[in-house]
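One structure is given here, and the rest of the page talks about it.
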Amino acid sequence: MSEIATSSNNATTSSSQEIDPVYRVVDTLGEGAFGEVLLVVNIKLPQVAVAMKKLTTSNAHQNGLIRKEYLIQKKLSDVGHDNVIRMIGMRTDASFHYLFLEYADGGELFDKIEPDVGIAPEIAQFYFRQMIQGLEYIHENNIVHRDIKPENLLLTTSRKSIPTFPFTLFHNFPDVLKISDFGMATLYRNNGTERLLDMSCGTVPYAAPEVCAGRKYRGPPIDVWSCGIVLVAMLSGELPWERASDSSYPYLQWLSSNNLDENPWKKVDVRVLCILRKILTDNVEKRATIEQVKADPWFTHDYGKLETPKNRPLKRARVNDENYTTCTQQAETSSCSVKRPHLDTPEGKSFLTERQNASFSQPTRADDLLLTQHIDMSQNNSNLLERMVCRMTRFCVNTEPGETYDKVAKASEHSGFDVRRREGRRLLVTYRECSMMVTMYAIGDVPDMPRVMVDFRRSRGDGLQFKKMFLEVRNRMHQSICSTGNTWLADYGYVPKHPKLVNEETNGNASISNV
Ligand SMILES: Nc1ncnc2c1ncn2[C@@H]1O[C@H](COP(=O)(O)OP(=O)(O)OP(=O)(O)O)[C@@H](O)[C@H]1O
């Protein structure tokens, strides 16, 4: 067992802090445009974890942007909201700014969305409501986010902080959605006076038409628009258009209601279409406000109660509307509560099975984090918490770890991707603006044959592009893919229980290849 788990539970005194670090970096959670996000845990209280956004202090302009992100996060964290990532503090040294944030241990909402399929309507509604609640709080604080997309909507499995809605639904549902990444956010109102914004920013497929057109725009409506696109992505597993502009045929068709019998619209219920009509309108004056979204019949529709019995997958208790398809499978993806056997990295570092049901808390002593000498940056317990997140972008192969490593590298190169070999038998695979980190884990407890879980994590760039890259590599490796191993991964909650992605029998060319 690692040092982290065997340490005593006593809080460290100030004198020992000067000798030993209290916090240690244990994993890389993501890489952003200006730096990386690391998972940091308290050595003696490993359930105390934070995300540390490490940003390079390269020039005055960049420093100004980081300072702005810090001030915005601070403003939002003073009172705080369950659906907005909280900031704990920031410190700066000669080379970096370190932003300490509440850790979301459930990964990105993006990873719950099955390409071309989406997620069940009641679960989409559950996340959508939380997104709107969080956004309402952000706007009330005079801030507009400007980059709402599933990659910036993080999840935490802690039950303590589940928000209470004016509805009785889902009160046991484990995922809490947290709006994160305030790198594009800005003040849209000052002393009660709203100002028009002009910076073109955000992520193109989620951006409102007025932003795409380069016009001056009002803040809140552009976030509402992005929420509408997120809703389409959740319910259909695809984006409606690449860009909301006159150059996009699907977009123009939507505006004139000419393509409602086509994808993605034909996948959604008529009530969903009604709310989308109110949100995805190019007429900003007519676009639904948050208040109107909250009053919409689909938003308030009662799908029935979801239960989360201990150690069992989620099941929907009752369904009120037969027009809506049931889908317990996706609900299962949210709960990774089965006791798991060990997984080892190729170097033999063990995972600690007994910690998998832990829920994380934030440090009570922020000073421990904010002082430089208290964080061990060596990452020598890399990936300790990896198994906490159930991810779609994994598969099992029946080749030895070393051979698997070479095969993944070759498959990636053959796909035209740039491959960099990294420490710990990891691969950083890049194509254009998008990078993914690939890690191999030997599955320890399966006798007779080698089994390796190949894990792909988006480290930079667009989530859809990442999934395309993942599928490309997976399809090239189809001869090595082990379907019984995939079932095993699904049973233990490492991947969602979804036959299309996990249990394909013959090859990797599942119906998701056109994502
Ligand atoms: N608080 C957190 N808890 C868990 N994971 C996090 C947290 N903050 C960020 N991450 C992970 O790190 C990734 C990058 O973080 P973030 O989006 O804040 O950085 P960024 O530099 O703005 O990235 P991008 O350039 O992709 O917009 C996220 O997509 C997420 O996977």
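Just so you know, ligand 1 is whichever comes first in the structure, and atom 1 is the first atom listed for that ligand.
Remark: the backbone N or O of M184 is paired with a side-chain donor or acceptor of R146 at under 3.5 angstrom. Under the 3.5 Å distance criterion, the side-chain polar atoms of S248 are matched with a main-chain donor or acceptor of Y251.
The aromatic rings of F395 and F456 lie tilted to each other, with the angle between the two planes from 30° to 60°. Ring geometry for H145 versus F182: interplanar angle over 60°, hence perpendicular rather than tilted (30 to 60°).
Of the candidates R457, E108, R458, K178, E108 brings a heavy atom nearest to atom 30 (C) of ligand 1. Checking G35, A51, G106 against atom 2 (C) of ligand 1, the nearest heavy atom belongs to A51.
The shortest N or O to N or O distance between E102 and ligand 1 is below 3.5 Å. For K53, a nitrogen or oxygen atom sits less than 3.5 Å from a nitrogen or oxygen atom of ligand 1, counting backbone and side chain alike.
Heavy-atom proximity to Y103, at under 4.0 Å, picks out these atoms of ligand 1: 3 (N), 4 (C). Close approach to I85 involves these atoms of ligand 1, each under 4.0 Å from a residue heavy atom: 1 (N). Those atoms of ligand 1 that come under 4.0 Å of a heavy atom in E151, given as number and element, are 29 (O). Short contacts between ligand 1 and G30, defined as distances under 4.0 Å to a heavy atom of the residue, involve ligand atoms 12 (O), 13 (C).
The part of V37 lying near ligand 1 is the side chain, judged by heavy-atom distances below 4.0 Å. Under 4.0 angstrom from ligand 1, the non-hydrogen atoms of N152 all belong to its side chain.
Of the N and O atoms on the side chains of D147 and T203, at least one donor lies less than 3.5 Å from an acceptor on the other residue.
Annotation: cation-pi geometry not satisfied between K54 and Y98 (NZ/CZ under 6.0 angstrom from ring centroid, within 45° of ring axis).
For T404, the side-chain hydrogen bond (donor to acceptor under 3.5 Å, both in side chains) partners two or more places apart in sequence, or in a different chain, are T399.
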